[in-house]
Number of protein chains: 2
Amino acid sequence: MARPFRALQMPHLRESIKDSAWRQITESGASSLSLRKIAREIGITAPAIYNYFPDRDALVTALIIDAYASFGDFQHEAKASFPEPGQAAERLRATGIAYRRWAIKYPHRYMLIFGSPVPGYVPPMQELLPVMMRSLGALTAVIAELHIAGRLEVRGIPHPLIEPGHRFFSLPDTADPGTFAVYSVAMLIWSRVHGLVSLEITGQLPPFAEDGEALYRYELDAICLQFIRPSQDGEDVISSTRSRSSQ
Amino acid sequence: MARPFRALQMPHLRESIKDSAWRQITESGASSLSLRKIAREIGITAPAIYNYFPDRDALVTALIIDAYASFGDFQHEAKASFPEPGQAAERLRATGIAYRRWAIKYPHRYMLIFGSPVPGYVPPMQELLPVMMRSLGALTAVIAELHIAGRLEVRGIPHPLIEPGHRFFSLPDTADPGTFAVYSVAMLIWSRVHGLVSLEITGQLPPFAEDGEALYRYELDAICLQFIRPSQDGEDVISSTRSRSSQ
DNA sequence: AGTGTAAATATACGCTGTTTATTTGAAAAC
DNA sequence: GTTTTCAAATAAACAGCGTATATTTACACT
C-alpha cells in the first residue's frame with residue numbers, strides 16, 4: 001500500500017510529528033531527537049515527514065517557535081497579574097518568578113530555546129527574532145514602564161548601539177532618547193536570571209548549592225534593589241527579605 | 001598492512017587524537033565532532049581510536065578536563081596578578097575580566113565546559129568535579145579572602161545546604177560558620193558572569209546589544225558594589241564608572 | 001628463535017538524515 | 001461516470017556515524 005485512506009490517517013500529521021518530537025525531547029532530551037524514531041512512533045515512514053518539514057532543522061525551528069510561544073504566554077500572564085500602573089515592581093518580580101517556574105516545568109524546552117542541544121542545528125535568527133522578542137518583550141515592557149514612571153535606576157547603564165527607528169521590543173511610545181537604557185537593563189536582568197536558571201536546570205550548580213530557589217529569590221531581590229527606585233508617591237519598593245548596606 | 005612501524009607512526013597518538021578533536025571543535029563546533037573524521041585526518045582507522053579512549057564520551061571528557069585546566073590556569077593567573085592582601089577587590093575584578101576574556105578567546109571550549117553541545121554526552125560529574133572546583137576555586141578563594149578581611153557583604157545571603165566536613169572549594173581554614181555564605185556568593189557571581197558571557201558568545205544577545213564588553217564591565221561594577229564593603233583602613237572600593245543611588 | 005602481547009586493520013551491524021523513483025488514494029475535469 | 005491530475009505516502013538506496021568483532025602484525029621478552 002502506498003497511501004492510506006484519508007479517513008484512516010491522522011488528519012493532523014504535522015501536529016502529530018511535533019507531538020512525538022516533544023515526547024522524545026521530554027523523555028530523553030533534545031539531542032536524541034530522531035526523525036526515524038518519530039516516524040516509527042506515529043506509524044509512518046521517515047521520508048513522509050519531509051512532506052511536512054523540509055528537513056530536521058525546520059522541525060526543530062518549529063518546536064522552538066512553539067516553545068517560545070509557551071514561554072512568552074507565561075511571561076505575559078505573569079506580567080498581567082499585576083495590572084495596576086503603580087505595581088511595576090511587582091510586575092518585574094512576577095515575571096522573574098515565572099521565568100524560573102517555566103524553565104523548571106519545561107527544562108528541555110528551556111534548553112532548546114536558550115541552549116544549543118541539537119547537534120548541527122544553527123538557529124535561523126531571522127525567523128526566530130519575532131517570537132524571541134515577544135517573549136522578552138514582557139520583561140522589557142515592565143522595565144520601560146518603570147522608566148516612564150521615573151523609577152528605573154539608569155545611572156551608569158551603557159548605551160546600546162541602536163538607531164532610533166530600529167526598535168525590536170514592544171515599547172511605549174516616547175521621545176525620550178534615554179529610553180534606550182531600557183534595552184540594556186533588560187539584557188542585564190535577562191542574563192542574570194538566565195545564568196542562574198540555566199546552571200540550575202542543567203545540574204551544574206555544585207552539590208551544596210542545591211537550593212536554587214533560595215539563590216534565585218535572593219537574586220531577584222538584588223535585581224529589584226539595583227534597578228528600582230522607590231516611587232515618589234509614598235509607595236515603597238517591594239518588601240525584601242534582606243537589607244542592603246548604604247554605599 | 002596492519003600495524004605500521006613504530007618509527008613511522010606518531011608516538012603521541014593519544015595527543016594527536018585530542019589535537020585533531022580540538023581542531024574540529026574550533027573549526028565547526030563540538031556538535032560535529034566525529035571519530036571517523038579524526039581518524040581520517042591523522043591517517044588511522046576509526047576503531048584504532050578505541051585503543052586510547054574507550055568510547056567517544058571518554059574522549060569528550062578528556063577534552064573537557066583539558067579545557068578546565070586551561071580555564072583554571074587563566075583564572076588563577078588573573079587572581080595572582082594582584083597578590084597583596086589588601087587587593088582583594090582588584091583580584092575579584094581581575095578574575096571577572098579573565099573569565100570573559102578566556103570565553104571569548106575559546107568560545108567552543110567554553111561551551112564544551114558550561115554548555116551541553118555534544119549530542120548524547122552526559123558529563124561524568126564524579127570525574128569532572130575536581131577540575132571544575134579548581135577552576136571555580138580561584139573565584140571562591142578571592143571571595144573567602146574578602147570575607148576574612150571583613151569586606152564581604154553577606155547580609156541576606158541564603159545559607160547553602162552543606163555540612164561542615166564537606167568542602168569542595170579551596171578555602172582558607174577558619175572555624176567561622178558564616179563562611180559558608182562564601183559558597184553562595186561565589187555561585188551568585190558565577191551565575192552572573194556565566195549568564196552574560198554565555199549569551200554573548202552564543203550570539204543570543206539581540207542585535208542592538210552587541211557591545212558585550214560595556215555590559216560586562218557594568219555588570220562587574222555592579223557585582224563589586226553589591227558584595228564588597230569598603231575596607232576599614234582607608235582603602236576604598238575600586239573605582240567605578242558609575243555611582244549608585246542611596247537606597 | 002619462538003612466543004605473547006599490544007596496536008593496528010578489515011569487516012560488519014545498526015543507527016542516523018536525506019534523496020530518488022514509484023505507487024496510489026483522492027479530488028477535479030470533462 | 002470516466003478520465004486526468006495531483007499530492008501524499010512508500011520502497012529502496014546512499015553516505016555518514018559510533019562501535020563491536022575478528023584478524024593481522026610489529027615489537028618485546030624469554
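First the proteins, then the strands, lettered A, B, ... as listed; each starts at 1. In what follows, every heavy atom counts, from backbone to side chain, and hydrogens, waters and symmetry copies are set aside.
Considering only side-chain N and O atoms, A/Arg40 lies under 4.0 angstrom from the phosphate OP1 or OP2 of C/dT16. Considering only side-chain N and O atoms, B/Tyr50 lies nowhere under 4.0 angstrom from the phosphate OP1 or OP2 of C/dA8. The shortest distance between the side-chain N/O atoms of A/Ser34 and the OP1/OP2 oxygens of C/dC15 is not below 4.0 Å.
Looking at which nucleotide of DNA chain D each of B/Pro54 and A/Thr45 is closest to, the 5′-most match is held by A/Thr45. With DNA chain C read from its 5' end, the first of the two nearest nucleotides for A/Lys37 and A/Pro47 is the one closest to A/Lys37.
Rounded to whole Å, atom C1' of D/dT10 lies 13 Å from atom CD1 of A/Ile49. The CG atom of B/Leu33 sits 12 Å away from the C1' atom of D/dG18 (whole-angstrom rounding). In this structure, CG of B/Asn51 is placed 14 Å from P of C/dA10, rounded to the nearest angstrom. Computed from coordinates, the A/Arg36 CZ to D/dA13 C1' distance equals 10 Å when rounded to whole Å. Atom-to-atom, CG of A/Leu59 to P of C/dT16 comes out at 14 Å; the value is rounded to the nearest Å. In this entry the distance linking CZ of B/Arg14 with P of C/dA7 reads 12 Å, nearest Å. Between A/Leu35 atom CG and C/dG14 atom P the separation is 21 Å, expressed in whole Å. The distance from atom CD of B/Glu41 to atom C1' of D/dC17 is 17 Å, rounded to the nearest whole Å.
When the options A/Trp102, A/Phe71, A/Tyr106 are evaluated for a ring-ring contact (aromatic ring centres under 6.0 Å, His included) with A/Phe114, the one that passes is A/Phe71.
Between A/Ala21 and A/Ile38, the shortest heavy-atom distance links the atoms CB-CD1, 3.8 Å. Between A/Glu200 and A/Glu213, the closest heavy-atom pair is OE2-N, 4.3 Å.
Around the CZ atom of A/Arg23, the shell of radius 6.0 Å holds more than 12 heavy atoms that belong to other residues, nucleotides or ligands.
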